[in-house]
2 protein chains.
Amino acid sequence: MVTIHDVAARAGVSPATVSRFLRGQRVRSYEAIQTAIDELGYWPSAAAQSLKSGRTNTIGVVVPDITNPYFAAVVKGMESVTRTEPYRILLANSDESSEQEDDVLADLVRRVDGIILAPATEQDETPLHVRDADVPLVFVDRDLAGGERFDAVLVDNDGGGRQAAEHLLALGHTRVAAISGSLDTTPGRLRREGFVSTLAKAGVEVPPEYDLVGDFKEHSGYQLTLSLLSLPEPPTAVFAANNLMTLGALKALHDMRIDIPGQISLIGFDDLDTGPLLRPPLTVVDRPMFEQGVLAMRLLLRRLDPDDGGGMASRVVLDTKLIERASTAPPGGHPSPARTRKTRSR
Amino acid sequence: MVTIHDVAARAGVSPATVSRFLRGQRVRSYEAIQTAIDELGYWPSAAAQSLKSGRTNTIGVVVPDITNPYFAAVVKGMESVTRTEPYRILLANSDESSEQEDDVLADLVRRVDGIILAPATEQDETPLHVRDADVPLVFVDRDLAGGERFDAVLVDNDGGGRQAAEHLLALGHTRVAAISGSLDTTPGRLRREGFVSTLAKAGVEVPPEYDLVGDFKEHSGYQLTLSLLSLPEPPTAVFAANNLMTLGALKALHDMRIDIPGQISLIGFDDLDTGPLLRPPLTVVDRPMFEQGVLAMRLLLRRLDPDDGGGMASRVVLDTKLIERASTAPPGGHPSPARTRKTRSR
DNA sequence: ATCATCACTGACATCGATTTCAGTTTGGAG
DNA sequence: CTCCAAACTGAAATCGATGTCAGTGATGAT
């Protein structure tokens, strides 16, 4: 490896002068130094710089599953921010597991200047350890019990659940099932609460056999949908609390030759790139993805700015939006011609 | 920050002894040291360790677009390998741009022990610089002109293009269009070559106005499909050379109210999680994704193993597989009843 | 010609962990 | 009780870059 000493020797100056040159200070022999750097192909050692400065210029990002299009979009948003900064992203999957998250975080705190985390569960204790390590922490998508003191970028999950419920109520559904994500997570818990409580206010109860809990993975959406179909009286509408479980539900309904929305209406949470192209086009509760990543990274970089005053935790909560497509319709019947036309028109 | 000196002082030993304890050597006062570590919450500094050892335990991964489900799956495969190793992944997007790739690589070589790269173009020179920096390099998905001396995990793109062509030929198509990816990339060039040359051998020429080149992004698939539809004599079948452009094509065909496969058959490259659920279910050339990531990471870790002999470059080429669904059919007509039943049966 | 001022320079200490080398301690044998 | 080998320990050097501090050299004013 070629070091600053090699460059100094070849340019006939001291390492200190080379260092000054690198940091943009005026130096008498800049020509000789530049030549030496080019000829030797010198690049300063990141490890040595980190040791001296105490900064790694690296941000740790921990998400449950990078193949979930939602998280992929969020990470891309983060990446778009770091592009113009000297920061890089150290990426890790937690696989929806607190233990893996623990392991990964313990390692990350030693290597990064800050961390953006979508915690596997709300009860997770580790992130507080992260704070002990004096590494700034920002939550994205999911929150933590007692996490109010950290920056966070979230969405109005409760409101999203409400929107889904109101949509189904407006269509006249009364036998309504929910496939929730893990209730240990903020989105899992709040989406269900918003959904169930809104139905309850309208006098529609969700009986236990309709009130199912999955794990945000496609397989659980598939299995739980099958179990709904095996009931003596299946629901006329199903709400799935994230994109992957919605796909699982859709696959199950296809496999069982259920007509959507003729026999069962399906509404999901989180839009998909393919959402409009599916059979049928999916009605979903949508939310900003890329933008969440951008905001989370900006919050973190602000914390890392030495001129930043510190200040209170920023808690950003974005709104969800209902996108009506063709997978929902009044119970029993086929989609009304009006609805169909409306959906197809754009 | 708590250092090894603090621990040593509290345990009443020298830093050298603490270091030995950390590296698992036998030490008389291990109890006192362990206690001191716990009480102080000590973690060794990654920067200092890197400086001393010359290793960062970090792998750089550069892909064109992490929101492409193919690359997300590949990265997840890589991650699954590093999970049981002390390595972490530094992730960067090149956005299909050689310049961004350059910038990112110049920075990465200073921070990582090895790099896995899906180059933006075949003509890219930078990766050779990476080699100058003595950082092992593995290609995934895409190759480089003159890259034969590097490890690589690729697929038989030429064969995949051939499979697509043979499928369309078997259905009887003669007016066939290709939406290729950038011809500067291995997959862009080879998929087109395999496709066009197979058609040519069967006496089917692809005229210039059918022989279009996109950039692997959804928008180009959309635009190029529209341009095909505006021709006086549009094709009866379209081959799109990756998943995103296939989606773009599908959207364009929907927007223009084209019946698939009644008026136009569509075949894609790379399956999607939603592939079977689309309108219509897509016929595609599929290939291993997760597995490609696993293999690439294994190759790289082998290079990093100090006991490894060095040895020749490993060039792994995986096979593609045709998945027949309902988006392709004989020209002109509706899908034959037989085909439809077959597709729906699973 | 002299001196004050300013711009620039190099030796050295430093960041935190590891490793070498020269001890010191321990345990057992005689 | 003495001695030796084996087990363990600490001081100091090291990795590469940077910041401090005490200079050296040039420039201009007198």
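Labels below follow one simple rule: chain letters A, B, ... track the order of the sequence lines, proteins then strands, and each chain is numbered from 1.
Here A:Ser45 lies in heavy-atom contact (under 4.0 Å) with sugar-phosphate atoms only. Looking at heavy-atom distances under 4.0 Å, B:Val13 makes contact with sugar-phosphate atoms alone, never a base. Using a 4.0 Å heavy-atom criterion, one finds that A:Arg23 contacts the sugar-phosphate atoms exclusively. Contact annotation for B:Tyr42: backbone-only contact, meaning every heavy-atom pair under 4.0 Å involves sugar-phosphate atoms and none involves a base. Nucleic acid contact class of A:Val18 (heavy atoms, under 4.0 Å, all strands): none. Within 4.0 Å (heavy atoms only), B:Arg26 reaches sugar-phosphate atoms of the nucleic acid but no base atom.
In this entry the distance linking NE2 of A:His5 with P of C:dC12 reads 12 Å, nearest Å. As a whole-Å value, the separation of B:Ile4 CD1 from C:dC15 C1' is 14 Å. Between the C1' atom of C:dC8 and the CD1 atom of A:Ile33 lies a distance of 12 Å, rounded to the nearest Å. Note: CD (A:Gln25) to P (C:dC8) measures 10 Å, nearest angstrom. In this entry the distance linking CZ of A:Arg55 with P of C:dC15 reads 18 Å, nearest Å.
Side-chain contact between B:Ser98 and B:Gln123 is absent, with no heavy atoms from C-beta onward closer than 4.5 Å. Side-chain contact between A:Phe21 and A:Ser29 is absent, with no heavy-atom pair separated by less than 4.5 Å. For the pair A:Val140 and A:Met78, the minimum side-chain heavy-atom distance is below 4.5 Å.
Here A:Lys217 pairs with nothing under the salt bridge (charged side-chain N to carboxylate O under 4.0 Å, His left out) rule; sequence neighbours left out.
Between the side chain of A:Asp107 and the backbone N or O of A:Val104 there is no donor-acceptor pair closer than 3.5 Å. Using a distance-only test at 3.5 Å, with no hydrogens or angles considered, a donor-acceptor pair links the side chain of B:Ser53 to the main chain of B:Gln49.
Classification of B:Arg315 and B:Asp151 as a salt-bridged pair fails, no side-chain N sitting under 4.0 Å from a carboxylate O. With respect to B:Arg83 and A:Asp103, no salt bridge is recorded, no charged nitrogen being found less than 4.0 Å from a carboxylate O.
Between B:Thr3 and the phosphate of C:dG16, there is no side-chain N or O to OP1/OP2 separation shorter than 4.0 Å. An OP1 or OP2 oxygen of C:dG16 is reached within less than 4.0 angstrom by no side-chain nitrogen or oxygen of B:Gln49.
Note: A:Phe139 and A:Phe150 meet the aromatic proximity criterion, with ring centroids under 6.0 Å apart.
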Pull out every protein N or O sitting under 3.5 Å from an N or O of nucleotides 22-28 of chain C, one pair per line with the distance.
none

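Distance from the side chain of A:Thr17 is smallest for C:dT9 among the nucleotides C:dG16, C:dT9, C:dC15. Looking at the side chain of B:Lys52, the nearest of the listed nucleotides C:dC8, C:dA17, C:dC15 is C:dA17.
Projected onto DNA chain D by closest heavy-atom contact, B:Leu51 and B:Ser29 fall at different nucleotides, the more 5' of which corresponds to B:Ser29.
Environment of OH in A:Tyr30: sparse, with no more than 12 heavy atoms of neighbouring residues, nucleotides or ligands closer than 6.0 Å.
Protein chain A contacts DNA chain D from D:dG16 to D:dT20, reading 5' to 3' and using non-hydrogen atoms of the protein with a distance under 4.0 Å.
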